[in-house]
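Everything on this sheet refers to the single structure shown next.
From a predicted model like this one, the values you see are computed outputs, not experimental measurements.
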Amino acid sequence: MATQKNPNDTTQVIRFRPKIAEGVTTELQGIVTVLTGPNPGAVFELNSPTTVIGRSREVQIQVIDAGLSRRHAQILRRPDGFYIEDLGSTNGTFYNGERLNEPHKLEDGSRIQIGENTVLRFALQDKLEQEAARQMYEMTVRDPLTRLHNRRYLDERIRSEFAYALRHDSALTVLVIDVDNFKNVNDTMGHPAGDAVLRALGAGLQRMVRAEDILARFGGEEFVVVARSIDENGSTIFAERIRRNVESMIIPWGEIRLKITISIGLAHMGAHKYSSPEGLLAAADGALYQAKRGGRNRVEVA
């Protein structure tokens, strides 16, 4: 703390110099947050000299919005700051409401509209602020019990995966997985045991799916897997492998070793066409009920 005297006044002026905690950096980094559109709340760090935004899977910030071009816009990191530039997109890039015809320097808090429905917010934040924003987003898209993605995240991603599969005429598989006789676990062992089963199953499923697959807790004892680019026969083999692996799992609960089975409903978008992602998911859900009626611990294909 330093003090100064005003030569024309006897009032003492006090200036505070905040002390920075040891090991804490105040260096600001650029980030983009999705305000409206797919995945609202999602946070992207601008770590590269050029960050491309668009619908393509090859860009750094992929936004599945039909109003976007595959390579829609880019953010450039230059010595004097960050700039937004449109890449000749069909529906344009807007900075604070004005359509861009040339690169424009971004200010902290700037809003960027890309296409018709997606609005991004640019900000300069330190590492602590970035981590807080990322954790806040994770809290909105993760199931607190299993730490898998939740229904909200699944609804957003299945729409984007369906749109991609439709546009590129590629295969898409949905598995709806349900624990057999789960109520008996809760009734005989108690809800803590049921929670342990769901956590163990979620962790097991995470190991069984591919990195590019989407795995989410659908609700209760139901889970959903969305898998790309597998033909119908391969999808059935994939589902059967999951079923067998779960059947062989042993879940410790105190001195007891629990075993469970699952039923799986499968719907495949390839030769079979669906008009909407909701229709594809409903078909898999209907196949699950067929598996339940057929005796459980089985895979049924829609």
Side-chain angles (χ1 to χ4, degrees), residues 38-39 55-58 62 64 66 141-143 146-180 198 201-249 260-302:
N39 298 334
R55 212 179 58 230
S56 169
R57 287 182 177 170
E58 282 71 45
Q62 184 189 27
I64 305 299
V141 297
R142 293 282 179 182
D143 170 56
T146 63
R147 301 308 303 159
L148 299 180
H149 284 114
N150 59 16
R151 175 72 179 270
R152 172 190 168 180
Y153 182 87
L154 173 68
D155 288 344
E156 293 168 353
R157 287 299 308 276
I158 196 172
R159 285 195 294 268
S160 66
E161 293 296 327
F162 184 90
Y164 182 90
L166 203 62
R167 187 179 302 113
H168 296 275
D169 195 27
S170 59
L172 188 66
T173 300
V174 172
L175 309 180
V176 179
I177 301 167
D178 186 85
V179 182
D180 295 328
L198 294 177
L201 177 58
L205 291 174
Q206 190 76 73
R207 293 190 295 269
M208 298 173 203
V209 302
R210 304 172 302 174
E212 64 267 29
D213 296 335
I214 300 160
L215 170 63
R217 185 182 178 193
F218 196 53
E221 65 271 25
E222 284 192 341
F223 298 80
V224 169
V225 177
V226 180
R228 308 170 182 168
S229 306
I230 308 177
D231 61 29
E232 190 166 9
N233 183 57
S235 298
T236 304
I237 295 171
F238 177 46
E240 281 287 355
R241 183 168 68 248
I242 291 174
R243 185 198 62 78
R244 290 195 305 270
N245 286 342
V246 171
E247 187 179 27
S248 65
M249 283 176 58
I260 60 170
T261 62
I262 56 174
S263 298
I264 302 178
L266 184 158
H268 183 265
M269 181 174 167
H272 308 289
K273 297 300 180 184
Y274 293 89
S275 59
S276 67
E278 293 80 11
L280 179 63
L281 184 59
D285 200 43
L288 170 65
Y289 281 100
Q290 293 178 24
K292 292 289 189 182
R293 289 193 295 267
R296 298 184 174 87
N297 192 21
R298 57 187 291 146
V299 174
E300 196 71 42
V301 180

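- The two residues S235 and I230 have their closest heavy-atom pair at N-CG2, 3.4 Å.
- Contact record, M208 with F238: O-CE1, 3.9 Å, taken as the closest heavy-atom pair.
- Distance check, rounded to the nearest 0.5 Å: CG of L288 to CZ of R296 gives 10.0 Å.
- Counted by atom type alone, N297 and R243 present one or more donor-acceptor pairs between their side chains at under 3.5 Å.
- Proximity of H149 to R142: side-chain heavy atoms (C-beta onward) are separated by under 4.5 Å at one or more points.
- Between Q206 and T146, every side-chain heavy-atom pair lies at or beyond the 4.5 Å cut-off.
- The shortest side-chain heavy-atom distance between L201 and V246 falls under the 4.5 Å cut-off.
- Contact record, A267 with A283: CB-CB, 3.9 Å, taken as the closest heavy-atom pair.
- Between G220 and L198 the shortest heavy-atom distance is O-CD1, 3.9 Å.
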Checklist entry - Where do R57 and E161 land on the salt bridge (charged side-chain N to carboxylate O under 4.0 Å, His left out) test, with the steps shown first? => result CA-CA 11 Å; R57 287 182 177 170; E161 293 296 327; 3.0 Å; yes

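- Judged by distance alone, the side chain of R210 and the main-chain N or O of R228 form a donor-acceptor pair under 3.5 Å.
- For A239, the side-chain contact (heavy atoms from CB on, under 4.5 Å) partners at least two apart in sequence or on another chain are L175, I264, L266, V299.
- Applying side-chain contact (heavy atoms from CB on, under 4.5 Å) to E247 and the options T261, I262, D180 leaves one that passes, T261.
- We find the NE2-OG1 distance between H268 and T236 to be 8.5 Å, quoted to the nearest 0.5 Å.
- Rounding to the nearest 0.5 angstrom, the gap separating the CG atom in D285 from the CD atom in E222 is 5.5 Å.
- Residues passing the side-chain contact (heavy atoms from CB on, under 4.5 Å) test with E156, sequence neighbours excluded: N39, P40, R152, R159.
- Summarising the geometry of K292 relative to S263, their closest heavy-atom pair is CD-OG, 3.8 Å, with the distance given to 0.1 Å.
- Taken to the nearest 0.5 Å, the CZ atom of R298 stands 9.5 Å off from the CD atom of Q290.
- Looking only at side-chain heavy atoms (C-beta outward), L281 and V224 come within less than 4.5 Å of each other.
- In this structure, CG on L205 lies 12.0 Å from CZ on R217, to the nearest 0.5 angstrom.
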Item to check | Audit row: L154, V226, side chain to side chain contact (heavy atoms under 4.5 Å, CB included) steps and yes/no | outcome: CA-CA 9 Å; L154 173 68; V226 180; 3.9 Å; yes

Item to check | salt bridge (charged side-chain N to carboxylate O under 4.0 Å, His left out) assessment of D213 paired with R157 | outcome: CA-CA 11 Å; D213 296 335; R157 287 299 308 276; over 6 Å; no

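- Of all the heavy atoms in S248 and N245, the pair that sits closest is OG-O, 2.9 Å.
- Interatomic distance, CG of D178 versus CD of E221, reported as 5.0 Å (0.5 Å rounding).
- The ring-ring contact (aromatic ring centres under 6.0 Å, His included) pairs that include a residue from residues 156-178 are Y164-H168, where partners are two or more places apart or lie in different chains.
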